[in-house]
Amino acid sequence: MTATTARAVPASADPAILDGVDLSALARRVGTPCHVYSASAIRQRIAALQSALHGLDAQVCYAVKANSNLAILQLMADAGFGADIVSGGELWRCLHAGIPAARVVFSGVGKSADEIADALHAGVARFNVESADELQLLQRIAGKRNVTAHASVRINPDVDALTHAKISTGKSENKFGVGIDEAREWFAASARLTHVRLDGLHVHIGSQMLSLDPIRAALQRTAGFRRELADAGHAIHSIDVGGGLGVCYRAGQDHPVAIEDYVTVIREALAGFNGRILLEPGRWLVAEAGVLLTRVIRIKHGRQRTFLVLDAAMTDLIRPSLYDAWHDIVPLAHHERLLQTYDVVGPVCESSDTFARDRALPRCEAGDLVMIKATGAYGASMASTFNSRPLVAEVLLDQGRYAVVRRRQSLDEMVAGEQPAQNWEEP
Ligand SMILES: *Cc1c(COP(=O)(O)O)cnc(C)c1O
């Protein structure tokens, strides 16, 4: 058993309040685990970004995959934001949430013919094209429908985003985008594209970036290529700077860049470019607005370690299992307690169902509420029903009020579509 340290943590005066809502009361009302998002916090990020972009011809296209809940998309729609999508499903969500297709850009290496056709039909603003094959497919499908698709080349600038390998996308060994040499050939041959207007550049080199250096390097490369294209007679109407801005997952350790500094880098790198600038922030807009509210099921004293077993699992938040990601974990009990070192785990039958190892926390008891912080991005949107755990509830808070924006999945909903093998057919 791990020794308890003698250091005491000061009692916090208030029960945890988020966006004016008492989280203990909320947990009693909607149950645990649940994802909780502060609408006020998201609106603050939106306003800060809008203010930083002042005077630029810029359109923000929120990266839907960060948090695709319809209520979150509605906040983005209310702000006049568009969306960056990576599937037909995300397009469907945007249209349902009131984000017009004319503000949607479509990224991703694996767009299928059906998805391209549906996106053209809906009237998406722009395709961020990632391969020569996709460009030809886009030309064929647009030709068949006799429409003109607007397309940007996703440049892979071969820049190290200095982030976790699994969320790095801008090195030449990554599957994303094409090198500048290949992009140059596309433009040289673009007169043959009768139904695609190739008039944009796109660059997105990774996620959770805490340094501006890779962003500056990628944008400078993109801007240099844009000037070269202009000299060769290829007018570029939009440059999409992608997303990737990091957030604070670990208080005191992660130091996110200020949004004004980020936009200054964009202004400087793209100085002299007169077209439209697109931005695709995901995580930065929503991550820190969310917490995963969970209850301690029990404390298990192993021979070597003490396990804090929560009712939340990797099925609700997979980032620690997938990326070794750190999330601050805060018990909500507000009386003074000693510190104890725990491995914080979920109930799923996988050793990787671990939120934290050797984490010093105020001592917990069964039934205590715990919040896992900064879970508003890549939390619920990456959830699964592994171990037949129904998807958890999602709740939006707004200045003292709450609204359930995804009800906890019922068992019937979880197995919807499954059936015994009865009606055998031959293909
Ligand atoms: C994932 C992604 C984003 C958003 O990344 P964040 O790190 O969440 O800001 C933006 N653009 C593209 C193309 C993406 O794949």
Parallel, tilted or perpendicular, as decided by the 30° and 60° cut-offs, for the rings of F225 and F187 = perpendicular

Among residues two or more places apart or on two chains, list those pairs meeting salt bridge (charged side-chain N to carboxylate O under 4.0 Å, His left out) that have a residue in residues 50-64.
-> D57-R276

Keeping to residues at least two apart or across chains, list the side chain to side chain donor-acceptor pair (under 3.5 Å) pairs with something in residues 245-259.
-> Y249-R283

Who passes side chain to side chain donor-acceptor pair (under 3.5 Å) against E394, sequence neighbours left out?
-> Y37, N69

Can you find a pair of side-chain heavy atoms, one from V247 and one from Q208, that are under 4.5 Å apart?
-> yes

Sorted by first residue and then second, give each side chain to side chain donor-acceptor pair (under 3.5 Å) pair with at least one member in residues 116-126; sequence neighbours left out.
-> R126-S152, R126-D199, R126-S238

Rounded to the nearest 0.5 Å, the CG atom of D316 sits from the SG atom of C34 at a distance of 10.0 Å

For F386, which residues count as a ring-ring contact (aromatic ring centres under 6.0 Å, His included) partner, sequence neighbours excluded?
-> none

Would D398 and R43 pass as an ion pair if we require N to O under 4.0 Å?
-> yes

Quick one: list whatever passes side chain to side chain donor-acceptor pair (under 3.5 Å) with D213, sequence neighbours left out.
-> R216

With distance as the sole criterion, is a donor-acceptor pair present between the side chains of D324 and W326 under 3.5 Å?
-> no

Going from CD on E115 to CD1 on I141, what distance comes out if it is rounded to the nearest 0.5 angstrom?
-> 10.5 Å

Going through the checks in order, is the side chain to side chain contact (heavy atoms under 4.5 Å, CB included) test met by C61 and Q59?
-> CA-CA 6 Å; C61 295; Q59 170 72 54; 4.0 Å; yes

Tightest non-hydrogen contact, residues A77 and A97, listed as CB-O, 3.8 Å

Quick one: list whatever passes side chain to side chain donor-acceptor pair (under 3.5 Å) with Q44, sequence neighbours left out.
-> none

Do E280 and H202 have side-chain atoms, one donor and one acceptor, less than 3.5 Å apart?
-> yes

Is there side-chain contact between L308 and D343, with at least one heavy-atom pair below 4.5 Å?
-> no

Polar side-chain atom of N156 near backbone of F176 as donor-acceptor pair, under 3.5 Å = yes

Could you check if a side-chain atom of I236 sits within less than 4.5 angstrom of a side-chain atom of F273, using non-hydrogen atoms only?
-> yes

Measure the shortest side-chain to side-chain distance between W186 and V178 over non-hydrogen atoms and say whether it is less than 4.5 angstrom.
-> yes

Note: S381 and A66 closest approach over all heavy atoms is OG-O, 3.1 Å

Are any non-hydrogen side-chain atoms of I116 and L137 less than 4.5 angstrom apart?
-> yes

So, D353 side chain and V348 main chain: donor-acceptor pair closer than 3.5 Å or not?
-> yes

Mind checking the CZ-CG spacing from F127 to L120? Nearest 0.5 Å is all I need.
-> 4.0 Å

Between the side chain of S388 and the main-chain N/O of T385, is any donor-acceptor distance below 3.5 Å?
-> no

Donor-acceptor pair, side chain of Y62 and main chain of N67, under 3.5 angstrom = yes

About how many Å separate CG of L279 and CG of L49, when rounded to the nearest 0.5 Å?
-> 6.5 Å

Salt bridge (charged side-chain N to carboxylate O under 4.0 Å, His left out) pairs touching residues 236-247, sequence neighbours excluded, are none

S40 and D19: side chain donor to acceptor below 3.5 Å | yes

Non-neighbouring partners of R319 that pass side chain to side chain donor-acceptor pair (under 3.5 Å), sequence neighbours left out = H327

Starting from the C-alpha separation in whole Å, work towards a yes-or-no answer on side chain to side chain contact (heavy atoms under 4.5 Å, CB included) for L210 and V257.
-> CA-CA 6 Å; L210 295 172; V257 305; 5.8 Å; no

Audit row: T306, Q340, side chain to side chain contact (heavy atoms under 4.5 Å, CB included) steps and yes/no = CA-CA 9 Å; T306 301; Q340 164 93 47; 3.8 Å; yes

Does atom CZ of R267 have more than 12 heavy-atom neighbours from other groups under 6.0 Å away?
-> yes

Donor-acceptor pair, R103 side chain versus A83 backbone, under 3.5 Å?
-> no

Minimum heavy-atom distance between V203 and P157, given as atom pair plus value | CG2-CG, 3.7 Å

Polar side-chain atom of N387 near backbone of C349 as donor-acceptor pair, under 3.5 Å | yes

If you measure from CG on L369 to CG on L332, what distance do you get to the nearest 0.5 Å?
-> 5.5 Å

Measure from the side-chain N and O atoms of R295 to the backbone N and O of G367, and report whether any donor-acceptor pair falls under 3.5 Å.
-> yes

Salt bridge (charged side-chain N to carboxylate O under 4.0 Å, His left out): pairs with one or both residues in residues 58-71, sequence neighbours excluded = none

Please tell me if the side chains of M382 and L322 come closer than 4.5 Å, counting only heavy atoms from C-beta onward.
-> yes

Please report the closest heavy-atom contact between L317 and G379, naming both atoms and the distance.
-> CD1-CA, 4.0 Å

Sort out for me which residue in I155, V153, L201 forms a side-chain contact (heavy atoms from CB on, under 4.5 Å) with I180.
-> I155

Please report the C-alpha distance between V30 and V36 in whole Å, then the side-chain angles of each, then the deciding distance to 0.1 Å, and finally whether the side chain to side chain contact (heavy atoms under 4.5 Å, CB included) criterion is met.
-> CA-CA 11 Å; V30 303; V36 180; over 6 Å; no

Would a distance-only check, ignoring hydrogens and angles, find a side-chain to backbone donor-acceptor pair under 3.5 Å from E413 to S410?
-> yes

Can any side-chain N or O of R227 pair as donor or acceptor with the backbone N or O of G272 at less than 3.5 Å?
-> no

Please determine, by modelled atom types, if D311 and T294 share a side-chain donor-acceptor pair under 3.5 angstrom.
-> yes

Using a 4.5 Å cut-off on heavy atoms from C-beta on, say whether the side chain of Y262 contacts that of M209.
-> no

Inter- and intrachain pairs under side chain to side chain donor-acceptor pair (under 3.5 Å), touching residues 76-99, at least two apart | D84-S107

Between the CZ atom in R406 and the OG atom in S68, the distance rounded to the nearest 0.5 Å is 9.0 Å

For residues 366-380, the salt bridge (charged side-chain N to carboxylate O under 4.0 Å, His left out) pairs (sequence neighbours left out) are R337-D368

Does K175 pair with E130 as a salt bridge, N-O distance under 4.0 Å?
-> no

side-chain contact (heavy atoms from CB on, under 4.5 Å) partner of I266, the single match among L53, L212, V241 = V241

Do the non-hydrogen side-chain atoms of V64 and C94 ever get within less than 4.5 Å of each other?
-> yes

For L391, does its backbone N or O pair with a side-chain atom of Q409 as donor and acceptor, under 3.5 Å?
-> yes

